[in-house]
Q: 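Attaching a single structure in structure tokens format; questions to follow.
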Protein chains: 2
Amino acid sequence: MSDPTKKSKPSSAANAEERAFLAAYDAAAFPHPSVAVDVAVMSVADGALHTLLVQRGDHPQKGRLALPGGFVGVKESLDAAAARVLAIKTGLRDLFLEQLYTFGDVGRDPRTRVITVAYYALVDRARVLRARPEQGAMVFARIDVPWKGEAGGPVRALDAEGRELPLAFDHADILGVVVKRLRGKLGYVPIGYELLPRRFALRQLQEIHEAVLGRKLNKDSFRRSVVASGLVAPTRELEHDVPYRPAELYRYVRSKSR
Amino acid sequence: MSDPTKKSKPSSAANAEERAFLAAYDAAAFPHPSVAVDVAVMSVADGALHTLLVQRGDHPQKGRLALPGGFVGVKESLDAAAARVLAIKTGLRDLFLEQLYTFGDVGRDPRTRVITVAYYALVDRARVLRARPEQGAMVFARIDVPWKGEAGGPVRALDAEGRELPLAFDHADILGVVVKRLRGKLGYVPIGYELLPRRFALRQLQEIHEAVLGRKLNKDSFRRSVVASGLVAPTRELEHDVPYRPAELYRYVRSKSR
DNA sequence: CACCTTATATGCTTATAGCATATATGCAAT
DNA sequence: ATTGCATATATGCTATAAGCATATAAGGTG
């Protein structure tokens, strides 16, 4: 019914160097599918979802931007591979990290058959800005969701000036599935907290929800339902450095004590 | 946060023949992970979820019951592999078939590293009973969900007499994730229709929902919300062969015309 | 034809979301 | 210090949907 991979296409626009690489590549040495993991590190800034991209240092698609990824070791679980790739390519550890979907179309990698298990991670903005990769360089990209209601199709990645960033492989499709998953989860699981620091104002939480869902929410209803859920607790601390009445800060409680 | 694979364990109870097979198995010939697909064919009968199991004809775990599965061809997409396995092992085609989750723990297959992409399919009872496999034999198993609220842990498979059926590998975990997914989806996607024939009474649809969710629903609220959703339409046909007032039959409409 | 069982319709009650309004409060300009 | 601003927080009204009970309809069975 839902086939998030159906729009993936083999990259056809390869330059001369890339074509030479592929011509010399010995695909026959890989008679079985290879397995990789890719991780979409999601955060929210300026009212929009952002992700973290790395520049590919090797062929294929050298120079293009891609989700941090890598091959799965033969004695390494998928979850462990995702955590390792995340740490190496972004320097981030101990994030909320969850499996998303597995992309396995035949032509998605021009070298040979590569099946990738996609993961997504959630981080708060301050932490992602302090992150430093152990290898390579990172780029922050704003996710631009085409307005087709519920999303699910490919999305665009934009740099700070609004220019579109070229994504490798089917990574735009992967980001589309991430957005769809986040929107679905937000309705019944409080993932919003993973995108905020430990203490936050309810307004910040609402902004997170609005950025993920792509629409405005009713302020009072949002406050009431969140507080009534018992999943947040007031801390008696107040915001500071705001030019208006500071709001009380809340924290996330896992054992809803009600 | 949610790790549906964490309870999987390598099968430790192997008989002498199985041990001999594994001792002779040349794991070194497979230096990379292999990729398989497994399909959970779900249906509802007698107020409970059922699945379809096949007896393993080969080692490892020869003789145990398993979800229909097989390896992914190097030029075959994951979706195509799942549909092929489904057709060969059960004779069923053109079902609702959707990717579920990918299980990749290191020890889940005693031979070598096998990563499996799990799918689930939905069929109505009459059709699954007419199905005949092209290879091997099938067994229907009732899914017994331990009462831990939302499920997600491993489940038990029972035969018609209520005896527990031994499942191979981590297939009990896979079925646990299937149940969890179905319960989650039922709230906002009308998958119930995939488990019924084309024309059905609202009571039948409610029984499907109750079997999947594992709890009774309010009859009036269910009827009102389903009819108001615009996703079903009355057909002016009535049930027949029932010893009481026959209900009107409904059909599923994809384009909600309201 | 009486009676059984389930379908279908209607009204009451309760919970919640959306919305509007009123008041509180920290900060900054005057 | 006072006033105004922007936002926080509280309260009440309304529309909507769910839970629940009751009443009536209708086919099958003896």
Side-chain angles (χ1 to χ4, degrees), chain A residues 46-47 183-190 192-193 196-197 199-252 256 258, chain B residues 44 46-47 183-184 186-190 192-193 196-197 199-252 256 258:
Chain A
D46 308 323
R183 289 183 175 179
K185 278 219 147 190
L186 216 51
Y188 61 102
V189 182
Y193 311 111
L196 284 173
R199 316 240 142 162
F200 51 86
L202 293 184
R203 171 183 38 76
Q204 293 178 280
L205 184 59
Q206 182 171 352
E207 285 168 4
I208 294 286
H209 280 240
E210 291 176 343
V212 172
L213 296 177
R215 63 187 173 88
K216 289 288 172 191
L217 299 174
N218 180 280
K219 183 177 171 178
D220 300 279
S221 300
F222 182 80
R223 292 173 61 89
R224 265 181 308 191
S225 64
V226 168
V227 171
S229 76
L231 291 165
V232 295
T235 65
R236 298 183 145 277
E237 287 178 66
L238 297 182
E239 284 183 298
H240 46 275
D241 294 331
V242 288
Y244 45 78
R245 172 177 172 182
E248 185 169 9
L249 295 178
Y250 283 72
R251 66 188 171 81
Y252 174 48
K256 52 177 154 184
R258 265 168 49 94
Chain B
V44 171
D46 309 323
R183 289 183 174 179
L186 216 52
Y188 62 100
V189 183
Y193 310 111
L196 284 173
R199 316 239 142 163
F200 51 87
L202 294 184
R203 169 183 39 76
Q204 292 178 281
L205 184 60
Q206 182 172 351
E207 285 169 3
I208 294 286
H209 279 240
E210 290 175 345
V212 172
L213 296 177
R215 62 187 173 88
K216 289 287 173 192
L217 299 175
N218 181 280
K219 182 177 172 179
D220 300 277
S221 300
F222 182 81
R223 292 174 61 90
R224 265 181 308 192
S225 65
V226 169
V227 171
S229 76
L231 290 166
V232 295
T235 65
R236 299 182 145 278
E237 286 178 68
L238 297 182
E239 284 184 298
H240 46 275
D241 294 331
V242 288
Y244 44 78
R245 173 177 171 181
E248 185 169 10
L249 296 178
Y250 284 71
R251 65 186 173 81
Y252 173 48
K256 54 176 153 185
R258 267 167 50 95

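In what follows, every heavy atom counts, from backbone to side chain, and hydrogens, waters and symmetry copies are set aside. Chain letters run A, B, ... following the sequence lines, proteins first and then strands; every chain starts at 1. Being a predicted model, the structure only gives us computed values, none of them experimental.
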Q: Just compare C:dA7, C:dG26, D:dA8 and give me whichever is closest to any side-chain atom of A:A247.
A: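 Among C:dA7, C:dG26, D:dA8, the one nearest the side chain of A:A247 is D:dA8.
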Q: Between D:dT29 atom P and B:Y244 atom OH, what is the distance in whole Å?
A: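 Those two atoms, OH and P, are 12 Å apart.
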Q: Using whole Å, report how far CD of A:E248 lies from C1' of C:dG26.
A: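 Computing the A:E248:CD to C:dG26:C1' distance gives 15 Å.
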Q: Atom CZ of B:R223 and atom P of C:dT6: how far apart are they, to the nearest Å?
A: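 The distance from CZ of B:R223 to P of C:dT6 comes to 14 Å, rounded to the nearest Å.
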Q: Which heavy atom of A:R236 sits nearest a heavy atom of A:E248, and at what distance?
A: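 Closest approach of A:R236 to A:E248, heavy atoms only: N-OE2, 3.0 Å.
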Q: Grab the two heavy atoms, one from A:V232 and one from A:V227, that are nearest each other, plus how far apart they are.
A: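 Taking every non-hydrogen atom into account, CG2-CA, 4.2 Å.
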Q: Figure out the CZ/C1' separation between A:R236 and C:dT25, and round it to whole Å.
A: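 Spelled out: CZ on A:R236 to C1' on C:dT25 is 16 Å.
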Q: Looking at every heavy atom in both B:Q206 and B:L217, which two are closest together, and how far apart are they?
A: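 Between these two residues, the closest heavy atoms are NE2-O, 3.0 Å.
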Q: Rounded to the nearest angstrom, tell me the gap between atom CG in A:L238 and atom C1' in D:dT9.
A: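 From A:L238 CG to D:dT9 C1': 12 Å.
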Q: Using whole Å, report how far CZ of A:F200 lies from C1' of D:dA8.
A: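 One finds 16 Å between C1' of D:dA8 and CZ of A:F200, rounded.
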Q: Would you mind reading off the distance between B:H240 atom NE2 and C:dT5 atom C1', rounded to a whole angstrom?
A: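 Rounded to the whole Å, the gap is 19 Å.
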Q: Return a single string for nucleotides 14-25 of chain D, one symbol per nucleotide in 5' to 3' order, where B is base contact, S is sugar-phosphate-only contact and - is none, cutoff 4.0 angstrom on heavy atoms.
A: ----SBBB---B
Q: In terms of the nearest nucleotide of DNA chain C, which residue is placed more toward the 5' end: B:P243 or A:V242?
A: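 Its nearest nucleotide being more 5', the pick is B:P243.
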Q: Compare side-chain N and O positions of A:R203 against OP1 and OP2 of D:dA8 and report whether any pair is under 4.0 Å apart.
A: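 So the side chain of A:R203 is within the cut-off, an N or O lying under 4.0 Å from OP1 or OP2 of D:dA8.
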Q: Should the ring pair A:Y193 and A:Y252 be called parallel, tilted or perpendicular, given that the plane angle runs from 0 to 90° and is split at 30 and 60?
A: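 If you compare the ring of A:Y193 with that of A:Y252, the planes turn out parallel.
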Q: Expressed as a whole number of angstroms, how long is the span from B:E239:CD to C:dT5:P?
A: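 The answer, rounded to whole Å, is 17 Å.
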Q: Taking all non-hydrogen atoms of both residues, which atom of B:F222 and which atom of B:L202 are closest, and how far apart?
A: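 Smallest interatomic distance, heavy atoms only, reads CE2-O, 3.9 Å.
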Q: Name every donor-acceptor pair, under 3.5 Å, that has one atom in a side chain of residues 238-247 of chain B and the other anywhere in the protein, sequence neighbours excluded.
A:
unit_1: B:E239; atom_1: OE1; unit_2: B:R203; atom_2: NH2; d: 3.2
unit_1: B:E239; atom_1: OE1; unit_2: B:A247; atom_2: N; d: 3.0
unit_1: B:E239; atom_1: OE2; unit_2: B:R203; atom_2: NH2; d: 2.4
unit_1: B:Y244; atom_1: OH; unit_2: B:R203; atom_2: NH2; d: 3.4

Q: Give the minimum heavy-atom separation between A:L249 and A:T235, together with the two atoms involved.
A: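 Looking at all heavy atoms of both residues, the closest pair is O-OG1, 2.8 Å.
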Q: With a 4.0 Å cutoff (strictly under), does any side-chain N or O of A:K219 reach OP1 or OP2 of D:dT9?
A: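 For D:dT9, OP1/OP2 do not have a side-chain N/O of A:K219 under 4.0 Å.
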